[in-house]
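Residue numbers count from 1 along this sequence. In this text, all values refer to a predicted model and were calculated from it rather than measured experimentally.
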Amino acid sequence: MRGLTGAGATRARDSFRAVSTAWAVLTAVALSVSACGTGGTGARDEGPAHADTVSSAAAVPSARPARTPDRVDAVRLVKDDPRVSAEVKRELKPCVADEYPVDVSYGHLTGGPAEDVVVNVLTCGDAVGVGAYVYRLEGGAYRNVFRAEEPPVYGEIDRGDLVVTKQVYEKGDPVSSPSGENVITYRWSAGRFSEQFRTHNDYSNAVGGDVSPAPAS
């Protein structure tokens with residue numbers, strides 16, 4: 001089940017995905033022609049430095065299937081969250097009339113008493129994801145159990161896992177042409193999200209993605 005705050009959020013989400021999809025297609029064509037590629041990339045400048053935080057939360061076992069929550073007020077949820085940065089809250093303003101650039105998804109991620117809520121906050125002008133958050137229902141209230149605030153960033157639910165896409169920019173790259181992207185898969189375990197896999201797609205060099213397991217803890 002997916003919910004959006006305003007039609008602008010749909011356009012913003014599609015714009016974010018279109019950039020990655022277009023570059024991925026070009027990468028695949030180049031690979032089929034050259035039939036060769038190189039793994040690994042050099043150092044990247046990924047834009048403004050913000051902390052990506054994976055939060056711990058006590059697991060709440062439930063013998064009953066998780067229920068679908070009522071539609072949440074995602075804008076209020078983010079604005080009232082002390083763990084959301086002031087910069088992201090400043091970006092969270094109506095684009096047109098009362099339409100906010102917020103994309104909301106519901107799904108089973110943490111095994112809690114209700115479906116979890118994934119909220120993405122984007123900019124109005126260029127649809128850049130500035131924050132991705134996961135909220136888990138605990139004690140009748142939603143608690144922030146994951147945040148990523150290093151733009152451009154976008155979080156999605158994929159078969160029970162949290163998948164976060166971060167576009168990578170080198171110095172001088174325009175917003176419309178990132179050098180690549182990192183796709184990180186997280187899984188809920190022992191009361192927190194842990195990184196499972198990391199894939200890097202290098203657009204500028206037209207090379208394939210490198211899949212790396214999560215670093216040993």
Side-chain angles (χ1 to χ4, degrees), residues 1-17 19-20 45-57 69-107 109-110 112 114-157 162-169 173-176 178 181-184 186 188 192-193 195:
M1 174 179 178
R2 296 181 65 83
L4 299 177
T5 302
T10 301
R11 293 191 296 271
R13 180 189 62 198
D14 292 343
S15 176
F16 183 92
R17 290 176 176 170
V19 172
S20 296
D45 182 351
E46 300 189 17
H50 295 281
D52 276 5
T53 304
V54 179
S55 308
S56 297
D70 296 329
R71 182 184 177 93
V72 302
D73 184 344
V75 174
R76 179 55 53 194
L77 196 62
V78 171
K79 285 186 174 181
D80 290 345
D81 186 351
R83 302 194 66 250
V84 175
S85 70
E87 183 174 351
V88 170
K89 290 180 179 180
R90 283 195 299 269
E91 292 287 350
L92 188 53
K93 54 189 177 182
C95 297
V96 178
D98 61 347
E99 295 182 354
Y100 285 81
V102 176
D103 189 357
V104 186
S105 302
Y106 301 93
L109 287 171
T110 70
E115 287 186 326
D116 305 293
V117 183
V118 177
V119 181
N120 287 282
V121 179
L122 304 100
T123 60
C124 289
D126 46 21
V128 172
V130 295
Y133 310 93
V134 177
Y135 291 92
R136 169 187 168 94
L137 186 64
E138 295 182 358
Y142 283 100
R143 178 184 176 187
N144 184 329
V145 293
F146 178 91
R147 65 172 178 164
E149 294 182 331
E150 184 178 328
V153 62
Y154 194 89
E156 297 181 280
I157 300 171
L162 173 65
V163 178
V164 177
T165 301
K166 300 178 181 179
Q167 291 183 335
V168 178
Y169 289 83
D173 285 346
V175 173
S176 59
E181 69 175 8
N182 292 322
V183 181
I184 308 168
Y186 295 94
W188 184 261
R192 65 190 299 271
F193 281 104
E195 181 178 328

Chi angles and distances behind the side chain to side chain contact (heavy atoms under 4.5 Å, CB included) call for Asn182, Val168: CA-CA 7 Å; Asn182 292 322; Val168 178; 3.5 Å; yes
Hey, would you say the Tyr133 and Phe146 ring centroids sit under 6.0 Å apart? no
Heavy atoms, side chains only, cut-off 4.5 Å: are Tyr106 and Arg71 in contact? yes
Which pair of non-hydrogen atoms, one from Val153 and one from Val130, has the smallest distance, and what is that distance? CG1-C, 4.0 Å
Counting distance only, does the side-chain N/O of Asp103 pair as donor-acceptor with the main-chain N or O of Asn120 below 3.5 Å? no
Atom of Pro152, atom of Val128 and distance for their closest heavy-atom approach: CB-CG1, 3.7 Å
Between Arg136 (side chain only) and Thr110 (backbone N and O only), is there a donor and an acceptor less than 3.5 Å apart? yes
Do Tyr135 and Asp81 get their side chains close enough for a donor-acceptor pair, meaning under 3.5 Å? yes
CD1 on Ile184 to OG1 on Thr165, rounded to 0.5 Å: 8.5 Å
Closest non-hydrogen atoms of Arg83 and Arg147, given as atom of the first, atom of the second and distance, are O-NH1, 2.7 Å
Is it the case that over 12 heavy atoms from other parts of the model lie below 6.0 angstrom from the NZ atom of Lys93? no
Restricting to non-hydrogen atoms, name the atom on Thr123 and the atom on Glu91 that form the minimum distance, rounded to 0.1 Å. CG2-OE1, 3.6 Å
Work out which heavy atom in Tyr154 is nearest to a heavy atom in Ala132; give both atom names and the distance. C-CB, 4.4 Å
Looking only at heavy atoms, the pair that brings Glu149 and Val88 closest together is OE2-CG2, 3.8 Å
Is any side-chain heavy atom of Val134 closer than 4.5 Å to a side-chain heavy atom of Asn144? no
When rounded to the nearest 0.5 angstrom, what distance separates NZ in Lys79 from NZ in Lys89? 10.0 Å
Report yes if the side chains of Leu109 and Ile157 come closer than 4.5 Å at any heavy-atom pair, otherwise no. yes
If we ignore hydrogens and angles and just use 3.5 Å, is the side chain of Ser105 paired with the main-chain N or O of Val118 as donor and acceptor? no
